[in-house]
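Comments concern the structure below.
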Amino acid sequence: MVQANIGLRRKGRRPAQDIRDHRRLSLTAERQGAQLIVWPETAFPYRLFPKRDPNVKRKVMGRLSTPLVFGAPFVPDRRKRQKFNAVFLADAQGTIRGRYDKHHPLPFGEYLPLSNWFPWLHRLSPYSGKYSAGTSMDLLRHNDLRIAANVCYEDILADHIRLQVRKRPNLLINLTNDSWFGTTVEPQIHLALATFRSVEHHLAMVRSTNTGISAFIDPLGRIEQASPMASPAVLVQDVVLMEGQPTVYARFGNWMGYLALLL
């Protein structure tokens with residue numbers, strides 16, 4: 001897990017340097033024996049196009065020779081003017097093996113509500129993004145890995161993760177950018193809420209964030225390692241890939257809560 005500490009004030013101003021920082025930290029993880037490296041949300045700041053970028057070895061990975069999960073903007077078709085906040089899985093040779101598009105873009109940050117019908121609203125909120133919502137729940141697969149990836153606050157949406165887990169992953173990965181909130185208590189709250197997804201499904205989770213708190217969470221929801229806030233970090237951890245039948249929560253969802261409400 002790589003946290004390059006690309007804060008809100010820096011992000012996008014020196015994109016080439018940001019990529020070099022992620023590569024440099026990743027080589028440290030590689031030397032420590034990492035078999036998979038995870039970068040945060042939109043760690044690669046440039047847009048990727050599927051027809052032009054089937055292999056990202058030169059553009060993204062550089063000298064890295066370890067499979068990489070990373071976040072980047074994704075444009076499937078320039079003519080449709082769609083853009084997605086995506087998670088990519090690239091193998092050691094840089095070939096893209098899978099992609100997940102964020103299903104729940106952040107209102108006002110990643111998209112402007114009602115702007116599809118009233119485009120002039122963007123004049124009132126010029127810094128709102130124009131990201132579209134993803135539709136596929138496909139897992140990211142590589143060798144024995146079956147990864148359910150999610151982006152930012154999707155890891156606190158229990159119903160969304162439950163839908164992903166129906167595909168039978170053996171690992172959860174979350175890419176997050178909490179730099180909007182600085183060094184406030186929000187990153188701690190976000191991490192605390194994310195641990196419940198591991199508890200509910202007995203799956204380990206890897207959370208890679210731009211500025212903290214990045215963490216490894218075990219299948220019981222215990223935080224095995226966590227990064228400091230607002231500081232570069234490299235964390236390497238043996239992660240348990242859980243196999244077996246779905247949990248009670250995965251099968252039945254929030255029935256206990258509804259029953260308690262009824263009582």
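The residues of the chain are indexed from 1 along the displayed sequence.
Considering CD1 of Ile217 and CD of Gln237, their distance stands at 11.5 Å, rounded to 0.5 Å. Note that CG of Asn177 and SG of Cys152 are 6.5 Å apart. Values are rounded to the nearest 0.5 Å. Distance check: Met205 CE to Leu191 CG gives 9.0 Å after rounding to the nearest 0.5 Å. Between atom CZ of residue Arg63 and atom CG of residue Leu27 there is a gap of 5.0 Å, rounded to the nearest 0.5 Å. Interatomic distance, CD1 of Ile173 versus CG of Leu139, reported as 11.5 Å (0.5 Å rounding). To the nearest 0.5 Å, atoms CZ (Arg222) and CD (Glu224) are separated by 7.0 Å.
Other residues, nucleotides and ligands contribute over 12 non-hydrogen atoms within 6.0 Å of the OH atom of Tyr153. Within a 6.0 Å sphere centred on CD of Gln35, other residues, nucleotides and ligands contribute 12 heavy atoms or fewer. Atom CE of Met137 has more than 12 heavy atoms from other residues, nucleotides or ligands within 6.0 Å. Taking a 6.0 Å sphere around NZ of Lys59, one finds it holds more than 12 heavy atoms contributed by other residues, nucleotides or ligands.
Ring geometry, His22 versus Trp39: the interplanar angle falls from 30° to 60°, so the pair is classed tilted. The aromatic rings of Phe88 and Phe74 lie perpendicular to each other, with more than 60° between the two planes, well past the 30° mark. Below 30°, between 30° and 60°, or above 60°: for Tyr100 and His103 the angle between ring planes is below 30°, a parallel geometry.
We find that Arg99 and Asp101 are joined by a salt bridge, their nearest charged nitrogen and carboxylate oxygen being less than 4.0 Å apart. Salt bridge status for Arg197 with Asp155: absent, with no side-chain N to carboxylate O gap under 4.0 Å. Under 4.0 Å is where a charged nitrogen must lie from a carboxylate oxygen, and between Arg162 and Asp159 no such pair does.
Taking every heavy atom of both residues into account, Tyr249 and Ala158 meet most closely at OH-CB, 3.3 Å. In terms of heavy-atom proximity, His202 sits nearest to Met242 at O-CG, 3.2 Å. For the pair Asp144 and Asn170, the tightest heavy-atom approach, listed with the atom from each and the gap, is O-ND2, 2.8 Å. Scanning all heavy atoms of the two residues, the minimum distance from Met61 to Asp91 falls at CE-O, 3.5 Å. Pro228 and Gln3 get closest at one heavy-atom pair: O-NE2, 3.1 Å. In this structure, Phe84 and Pro76 approach most closely via the heavy-atom pair CE1-CG, 3.6 Å.
The closest donor-acceptor contact from the side chain of Glu110 to the backbone of Lys130 lies at 3.5 Å or more, if one exists at all. Under the 3.5 Å distance criterion, the side-chain polar atoms of Thr176 are left unmatched by any main-chain donor or acceptor of Asp178.
Exactly one residue among Ser179, Ser227, Ser214 makes a side-chain hydrogen bond (donor to acceptor under 3.5 Å, both in side chains) with Thr209. That residue is Ser214.
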Self-check item: Candidate pair Glu41 and Asn210, rule side-chain hydrogen bond (donor to acceptor under 3.5 Å, both in side chains), full reasoning
Solution: CA-CA 7 Å; Glu41 178 182 4; Asn210 279 289; 5.4 Å; no
Quiz prompt | Verdict with reasoning, Leu171 to Leu203, per side chain to side chain contact (heavy atoms under 4.5 Å, CB included) | solution = CA-CA 6 Å; Leu171 180 65; Leu203 291 171; over 6 Å; no
Self-check item: side chain to side chain contact (heavy atoms under 4.5 Å, CB included) assessment of Phe70 paired with Val87
Solution: CA-CA 6 Å; Phe70 66 98; Val87 180; over 6 Å; no
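Checking Asn55 against Gln93 by side-chain atom types alone, no donor-acceptor pair falls below 3.5 Å.
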